[in-house]
Amino acid sequence: MSELAARLAARIEAEGPMRLDAWMAACNAHYYASHDPLGVAGDFITAPEVSQLFGEMIGGWIGDLWLRAGSPSPVRLVELGSGRGTLLRDAARLLGRVPGFSDACRLALVEGSPVLRAAQADLAAIWPTQWHERFEAVPDDAPLILVANEFFDALPVRQYLGDGQERAVGLAGGGFAAATLPAAEGPGQWSPEGEALAAAIAGRLALQGGAALIIDYGHDGGVAGDTLQALKRHAMVDPFSAPGDHDLSAHVDFARLAAAATGVAVHGPATQGQFLVRLGIEARAERVRRQHRPAEAAEVMAGLARLVMPGQMGALFKAMALTGGGWPEPAGFAAS
Ligand code: SAH
């Protein structure tokens with residue numbers, strides 16, 4: 001039994017079943033602190049790791065919005081959970097061509113994992129960079145442009161099961177197993193931490209100006225059932241086995257995040273496919289394809305398909321933006 005498993009077992013023995021969100025928080029904190037989970041050799045793969053096109057489109061989105069907002073300087077570019085830093089490295093290629101952006105930009109990375117902070121370290125050569133444990137620590141002295149890709153899905157959820165009971169984790173047969181606790185009624189599945197974060201981001205945007213782009217897998221409301229999943233080496237495993245050894249995530253309820261984000265304008269959600277196509281990903285892919293030899297060119301087009309096709313990441317993943325302080329409408333949300 002790992003040290004974390006022993007600690008959690010002792011806690012449950014002393015206090016009874018643990019609420020699901022407490023379990024998820026403890027497991028994921030350990031998981032991300034000790035692993036680089038991304039890529040083919042890891043446990044799961046994310047859009048920036050699928051194709052350079054993803055980060056490039058986000059770079060274009062940021063540059064366009066910043067220019068239309070009147071090129072405020074300084075501007076704080078914030079990323080929540082940067083993983084290997086791939087999205088921003090790809091975005092920087094486009095942002096380097098936006099006049100004035102490099103001088104204006106200060107980067108704030110909200111990252112809990114020391115392993116992943118090390119993988120992000122080279123971003124400090126592009127823009128002046130600070131790392132923070134929590135969003136609340138990001139300075140409040142300039143407009144923000146915030147990006148969060150596959151961050152909210154890692155935040156702890158609660159699940160109301162009906163009959164005044166909610167999901168918990170207990171001990172059974174020498175291991176951990178699903179259990180229940182009495183609860184106040186809930187809407188099915190929800191993330192108190194995700195909603196509190198959306199509210200905190202909205203508060204800052206209203207005060208400081210700026211925009212936030214949230215991309216994740218999930219739905220525009222009505223995440224009724226259990227979408228908790230555990231991934232190890234690209235396969236589903238039991239979320240109550242081997243705590244801290246696999247990635248725990250759950251579908252994001254965008255309608256609940258939008259409802260929590262008061263005092264700002266909400267754009268979308270659009271599907272990831274719609275969003276990227278409106279930003280011009282197909283033309284960009286064609287340009288990149290032509291610069292490559294046939295084998296690599298085929299890879300570029302396969303990456304495009306994976307990002308935008310409904311059967312792949314194009315429909316389950318959604319993009320939603322928040323804007324505050326009179327910032328303009330961001331690209332990618334209005335049907336043209
Ligand atoms: N955005 C990246 C990585 C996604 S994985 C990509 O798309 O590839 C989730 C990221 O969020 C990791 O960097 C992880 O360390 C970070 N993370 C997860 N939960 C966190 C928390 N509660 N506080 C800070 N960082 C967290």
Side-chain angles (χ1 to χ4, degrees), residues 24 27-28 30-59 61 79-93 109-113 115-120 122-123 147-155 213-219 227-239 242 244-252 271-277 279 281 284-285 288-289 292 295-319:
M24 196 170 164
C27 291
N28 270 353
H30 182 275
Y31 173 77
Y32 283 110
S34 53
H35 291 68
D36 173 353
L38 295 161
V40 180
D43 295 330
F44 61 95
I45 194 151
T46 56
E49 303 298 331
V50 164
S51 168
Q52 69 179 69
L53 297 170
F54 187 78
E56 289 174 350
M57 299 322 292
I58 308 292
W61 184 90
E79 190 178 22
L80 307 182
S82 299
R84 292 179 176 168
T86 308
L87 187 158
L88 288 179
R89 236 169 264 122
D90 291 334
R93 269 199 300 283
L109 299 176
V110 177
E111 175 57 65
S113 162
V115 176
L116 292 174
R117 280 189 186 196
Q120 299 156 12
D122 63 303
L123 292 170
V147 177
N149 185 62
E150 288 213 42
F151 181 82
F152 280 82
D153 69 321
L155 299 181
L213 177 62
I214 298 169
I215 305 179
D216 226 307
Y217 70 107
H219 301 281
T227 69
L228 180 69
Q229 65 173 32
L231 278 177
K232 181 80 190 164
R233 306 232 176 284
H234 305 269
M236 300 269 202
V237 296
D238 173 4
D245 193 42
H246 44 243
D247 172 68
L248 286 179
S249 68
H251 285 200
V252 171
T271 67
Q272 175 170 298
Q274 288 167 332
F275 178 70
L276 292 174
V277 166
L279 295 185
I281 194 170
R284 175 80 193 162
V288 175
R289 184 184 73 79
H292 287 87
E296 291 155 348
E299 228 171 272
V300 172
M301 299 321 272
L304 169 68
R306 191 149 169 201
L307 293 177
V308 305
M309 294 299 283
Q312 305 201 45
M313 297 174 85
L316 179 56
F317 282 74
K318 312 283 187 299

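No hydrogens, no waters, no symmetry mates; every other heavy atom, side chains included, goes into these values. Numbers here simply count residues along the sequence, with the first being 1.
Summarising the geometry of H246 relative to V237, their closest heavy-atom pair is ND1-CG2, 3.5 Å, with the distance given to 0.1 Å. The two residues G83 and A119 have their closest heavy-atom pair at O-CB, 4.5 Å. Nearest approach of D216 to E150, heavy atoms of both residues: OD2-CA, 3.3 Å. Nearest heavy-atom pair, S51 versus G303, reported as atom, atom and distance to 0.1 Å: CB-CA, 4.1 Å. Contact detail for A230 and P239: the closest heavy-atom pair is CB-CA, 3.7 Å. Across every non-hydrogen atom of G59 and A91, the tightest pair is CA-CB, 3.6 Å.
Side-chain contact between L213 and F275 is present, with heavy atoms from C-beta onward closer than 4.5 Å. You'll find the side chain of L38 stays beyond 4.5 Å of the side chain of I45, heavy atoms only. Residues Q52 and V288 form a side-chain contact, since some pair of their non-hydrogen atoms from C-beta on lies under 4.5 Å apart. Y31 is listed as a side-chain neighbour of D43, based on a closest heavy-atom distance under 4.5 Å. Here the side chains of F54 and Q272 are in contact, with some heavy-atom distance below 4.5 Å. In this structure, the side chains of S34 and V115 stay at 4.5 Å or more apart for every pair of heavy atoms. Between D247 and P37, every side-chain heavy-atom pair lies at or beyond the 4.5 Å cut-off. Residues R89 and L123 have side chains in contact (heavy-atom distance under 4.5 Å, counting atoms from C-beta outward).
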**OP:** Check the pair V147, L87 against side-chain contact (heavy atoms from CB on, under 4.5 Å), reporting the backbone distance first and the verdict last.
**Re:** CA-CA 10 Å; V147 177; L87 187 158; 4.2 Å; yes
**OP:** Please report the C-alpha distance between Y217 and S249 in whole Å, then the side-chain angles of each, then the deciding distance to 0.1 Å, and finally whether the side-chain hydrogen bond (donor to acceptor under 3.5 Å, both in side chains) criterion is met.
**Re:** CA-CA 10 Å; Y217 70 107; S249 68; 2.5 Å; yes
**OP:** Applying side-chain contact (heavy atoms from CB on, under 4.5 Å), run through D245 and K232 and close with a yes or a no.
**Re:** CA-CA 8 Å; D245 193 42; K232 181 80 190 164; 3.5 Å; yes
**OP:** Determine, step by step, whether L53 and V300 satisfy the side-chain contact (heavy atoms from CB on, under 4.5 Å) criterion, reporting the C-alpha distance in whole Å, the side-chain angles of both residues, the deciding distance to 0.1 Å, and the verdict.
**Re:** CA-CA 8 Å; L53 297 170; V300 172; 4.3 Å; yes
Original post:
Given T46 and E49, is the side-chain hydrogen bond (donor to acceptor under 3.5 Å, both in side chains) satisfied, shown in steps?
Top reply: CA-CA 5 Å; T46 56; E49 303 298 331; 4.7 Å; no
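A distance of 11.0 Å separates CD in E56 from CD1 in I58, rounded to the nearest 0.5 Å. Atom CD of Q120 is separated from atom OG of S82 by 4.5 Å, given to the nearest 0.5 angstrom. With values rounded to the nearest 0.5 angstrom, M236 atom CE is found 4.0 Å from Q229 atom CD. Here CG of L276 is found 6.0 Å from CG of L307. Values are rounded to the nearest 0.5 Å. Taking CZ from R289 and CE from M301, the interatomic distance works out to 6.0 Å, rounded to the nearest 0.5 Å. Residue D153 holds its CG atom at 9.5 Å from OG1 of T227, rounded to the nearest 0.5 Å.
Ring planes of Y32 and F44: perpendicular class, angle over 60° (limits at 30 and 60°). Aromatic ring pairs are classed by plane angle as parallel below 30°, tilted from 30° to 60° and perpendicular above 60°; the pair H219 and H251 is tilted.
Looking at residues two or more places apart in sequence or on another chain, you find no salt bridge (charged side-chain N to carboxylate O under 4.0 Å, His left out) involving R306.
Checked by atom type and distance alone, the side chain of Q274 pairs as donor or acceptor with a backbone atom of T271 at under 3.5 Å. With hydrogens and angles ignored, the 3.5 Å screen pairs a side-chain donor or acceptor of E111 with a backbone N or O of S113.
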